[in-house]
Amino acid sequence: MSEIVATQGLVTQTIKFWSGIDVPNPAAREMAGHFLAARNDFATLRGKARFEEEPASFLAALQSCKECAQ
Amino acid sequence: MTKLETRFESLTSLSVVEQADAVARGDTTAVALTEAALAAFELQNPSINAVIWLQQDAALEAATALDAMQRTGRPLGPLHGVPLAHKDMYYQAGKPCTCGSDIRKNFVPDYTATVIERLHAAGSLTLGGLNMAEFAQNPTGHNAHFGDCCNPWDLAYCTGGSSSGSGAAVAARCVGASLGSDTGGSIRLPAALCGVTGIKGTQTRVSRYGVMPLSFSADNVGPLARSARDCARIMSVIAGYDANDPTSATDPVPDYEGALTGDIRGLRVGVPTNYFFDDIDDEVNAAFVQAMTVLADRGAVLVPVTLPHMADISAYGGIISRCEGAAIHGQWMRDAPQSYSVHLSARLYGGNAIPAVMYLEALNRRGGILRSFAHDVFGACDVFVAPALRTKVPTRHETDIDSGRDGTIEAFMNVSINTRPANYLGLPSASVPCGFDSNGLPIGLLIHGRPFAEGRVLKVADAYQRDTDWHLRRPPIAA
């Protein structure tokens with residue numbers, strides 16, 4: 001629980017610092033605590049995710065995955 | 001009025017294709033169809049709350065003009081005389097466009113969305129704007145400003161969102177079809193929860209010019225209708241390159257409707273072995289298994305497929321629309337945060353905290369993940385399928401996160417867990433009705449194809465609907 005509260009504090013301060021937006025309501029503060037789980041999801045991906053160093057385009061990928069392109 | 005007059009009921013029962021064909025044959029008129037649709041809205045809307053605004057006089061005027069055109073003997077468009085109503089986020093010059101919000105309650109755009117222009121050029125007319133999640137940002141159909149849209153099968157249950165009014169109006173036999181939009185499931189969820197058919201195309205397949213943006217990387221325009229055939233006809237009208245939307249694909253648009261042969265013999269249908277069935281409800285799973293039997297009996301070959309990268313897709317897919325939504329709404333969130341509903345301001349707010357590095361990583365890896373996914377999955381199957389929801393349809397009460405009750409946030413977030421992957425991957429994906437749960441609410445089946453394989457997705461959906469009648473069933477209020 002304390003970790004969630006700490007996350008809420010970190011998230012709300014970050015948003016205030018960068019975006020100038022105050023916590024609009026208690027639900028927003030509660031959902032800010034959910035970033036702990038989201039952060040953990042990303043943490044499990046570390047080391048598995050490879051950044052594409054060559055120029056990449058999602059739209060080009062859509063085209064390259066068409067049936068006629070196989 | 002407690003029941004629709006027989007003369008109207010016989011018209012609102014027709015599918016979009018049947019309506020257009022009847023007008024073309026001279027068996028009915030655009031005016032008669034429009035009067036029937038307006039009568040159906042008058043009867044059903046007090047219960048389902050699917051409408052934000054209607055333009056009765058303008059619609060009847062447009063219908064009169066379409067009938068005059070029909071009498072000249074000139075060639076008619078594929079939707080000639082068909083009345084439609086759309087999610088209230090499609091711009092039409094001089095018409096209201098609330099986007100389901102208080103912030104835009106008085107917004108009147110001065111230009112028209114390309115998809116609306118194409119629908120009108122094909123002969124359809126627009127009755128008005130339908131209820132939706134505020135700024136298209138929830139998967140349940142709650143709306144604090146215009147009232148929740150209610151599921152025609154049981155008013156206590158969610159319609160699904162964000163195209164809530166579209167799902168409810170089509171299910172309640174008010175209109176034959178409606179444009180929705182889909183950024184994380186917003187076409188396919190109301191289709192599934194309301195027992196109608198809906199499809200989002202490949203990312204870039206349909207122009208988004210003149211459409212309220214939620215997430216410029218993941219927004220899609222598409223129809224909700226009674227059947228795959230109706231969806232095919234509408235997709236054939238709205239898909240294709242638009243110079244006003246430079247992100248739209250230049251690929252020619254195939255004859256989606258002509259490809260609906262019912263022949264899926266030998267077609268490989270992938271059944272995922274991971275992700276989509278985690279904690280699946282028994283009744284939902286039983287309906288899915290039965291649907292697989294139907295496809296197999298038609299000659300499809302069921303193949304198990306393990307979907308790669310699902311942890312990445314889930315993590316990355318969850319942040320793109322949140323970051324982009326936060327960017328789009330940043331100034332309104334600073335100036336008028338009280339103008340948003342509780343749950344939307346909470347969701348938008350959090351998007352501001354996601355580091356740009358994570359957002360850029362999600363975008364950078366999107367193409368590579370798609371290529372790898374397509375290689376592994378579509379090397380093994382032609383389409384893959386999944387339940388639209390892992391649970392039975394939830395009630396509006398248990399997903400009402402504005403209430404602040406424990407568990408509502410989790411229930412709310414779980415609604416779109418099976419629809420979101422197709423948005424990150426940009427894949428075409430349809431939802432078709434495949435049964436009912438013990439509460440009497442519909443169950444949806446997702447059909448996904450490789451990029452630009454909308455035709456194949458619709459073909460499988462149509463083949464399934466040739467052997468089932470789930471899509472023909474009516475909710476009690478429209479029986």
Side-chain angles (χ1 to χ4, degrees), chain A, chain B residues 202-205 217 247 249 251 309 311-312 314-316 318-319 326 330 333-334 337-338 340 342-343 345-355 358 360-361 363-371 373-375 378-379 382 401-402 404 408-410 413 425-427 449-453 456:
Chain A
M1 180 57 78
S2 61
E3 202 174 5
I4 290 176
V5 172
T7 302
Q8 290 171 345
L10 181 64
V11 168
T12 55
Q13 287 170 27
T14 300
I15 292 172
K16 180 66 177 172
F17 180 78
W18 282 108
S19 302
I21 299 174
D22 294 313
V23 185
N25 51 51
R29 186 180 300 279
E30 181 183 349
M31 289 178 76
H34 289 214
F35 276 106
L36 184 60
R39 192 280 312 266
N40 290 342
D41 287 344
F42 279 105
T44 63
L45 298 178
R46 286 179 195 147
K48 301 174 187 169
R50 184 177 62 81
F51 203 82
E52 291 207 26
E53 62 182 81
E54 299 298 339
S57 159
F58 177 66
L59 302 186
L62 284 172
Q63 290 291 333
S64 73
C65 292
K66 286 191 301 192
E67 190 144 53
C68 58
Q70 300 307 300
Chain B
T202 305
Q203 192 74 43
T204 71
R205 180 70 286 190
S217 296
T247 68
D251 302 62
H309 306 297
D312 309 62
S314 183
Y316 290 141
I319 64 170
M333 281 292 288
R334 276 183 285 274
Q338 71 284 356
Y340 292 94
V342 172
H343 75 255
S345 59
R347 277 167 59 85
L348 289 171
Y349 173 75
N352 290 280
I354 298 168
M358 306 311 296
L360 292 170
E361 186 177 307
L363 288 181
N364 173 272
R365 295 202 64 221
R366 196 179 181 196
I369 287 174
L370 170 61
R371 282 192 291 270
F373 186 96
H375 177 270
F378 295 116
D382 300 303
I401 62 173
D402 281 356
T408 52
I409 291 177
E410 289 74 14
M413 298 300 288
L425 294 167
L427 302 177
R450 65 164 65 244
F452 297 97
R456 178 173 289 158

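By convention in this document, chain letters (A, B, ...) are assigned in the order of the sequence lines, proteins followed by strands, and residues within each chain are numbered from 1.
Side-chain contact between A:Lys66 and B:Asp251 is present, with heavy atoms from C-beta onward closer than 4.5 Å. Looking only at side-chain heavy atoms (C-beta outward), B:Arg456 and A:Glu67 come within less than 4.5 Å of each other. Residues A:Phe58 and B:Leu363 have side chains not in contact (no heavy-atom distance under 4.5 Å, counting atoms from C-beta outward).
Side chain of B:Asn352 to main chain of A:Ser19: no donor-acceptor pair is present (N/O by atom type, distance under 3.5 Å, no hydrogens or angles).
Summarising the geometry of A:Leu62 relative to B:Gly426, their closest heavy-atom pair is CD2-O, 3.8 Å, with the distance given to 0.1 Å. Between B:Arg334 and A:Gly20, the closest heavy-atom pair is CG-O, 3.8 Å. Taking all atoms of both residues into account, the shortest heavy-atom contact from A:Pro24 to B:Met333 is CG-CE, 4.4 Å. Annotation for B:Arg450 and A:Cys65: closest pair NH1-O, 2.7 Å, computed over non-hydrogen atoms.
Among the candidates B:Tyr340, B:Tyr316, B:Phe378, the residue making the largest number of heavy-atom pairs closer than 4.5 Å to chain A is B:Tyr316. Among B:Pro337, B:Gly350, B:Gly330, the residue with the largest count of heavy-atom pairs under 4.5 Å with chain A is B:Gly350. With chain B as partner, the option from A:Thr44, A:Val23, A:Val11, A:Leu10 having the largest number of non-hydrogen pairs under 4.5 angstrom is A:Val23. For the set A:Thr14, A:Leu59, A:Ile21, the count of heavy-atom pairs under 4.5 angstrom toward chain B peaks at A:Ile21.
With no hydrogens or angles considered, no side-chain donor-acceptor pair links A:Asp41 and B:Ser314 at under 3.5 Å.
With a 4.5 Å cut-off on non-hydrogen atoms, B:Thr204 touches chain A through its side chain but not through its backbone. Within the 4.5 angstrom heavy-atom criterion, only backbone atoms of B:Leu425 (N, CA, C, O) approach chain A. Using a 4.5 Å cut-off between heavy atoms, A:Thr12 touches chain B through backbone and side chain atoms alike. For chain A, the nearby parts of B:Gln203 are the backbone and the side chain; heavy atoms of each come within less than 4.5 Å. Of the atoms belonging to B:Arg347, heavy atoms from both backbone and side chain fall under 4.5 Å from chain A. With a 4.5 Å cut-off on non-hydrogen atoms, B:Ala315 touches chain A through its backbone and its side chain both. Of the atoms belonging to B:Tyr349, heavy atoms from both backbone and side chain fall under 4.5 Å from chain A. Proximity to chain B involves both the backbone and the side chain of A:Ala27, based on heavy atoms less than 4.5 angstrom apart.
Taking CZ of B:Arg365 as the reference point, atom CG of A:Leu45 lies at 7.5 Å (rounded to 0.5 Å). Summarising the geometry, atom CE belonging to B:Met358 is positioned 10.5 Å from atom CZ belonging to A:Arg39; distances are rounded to the nearest 0.5 Å.
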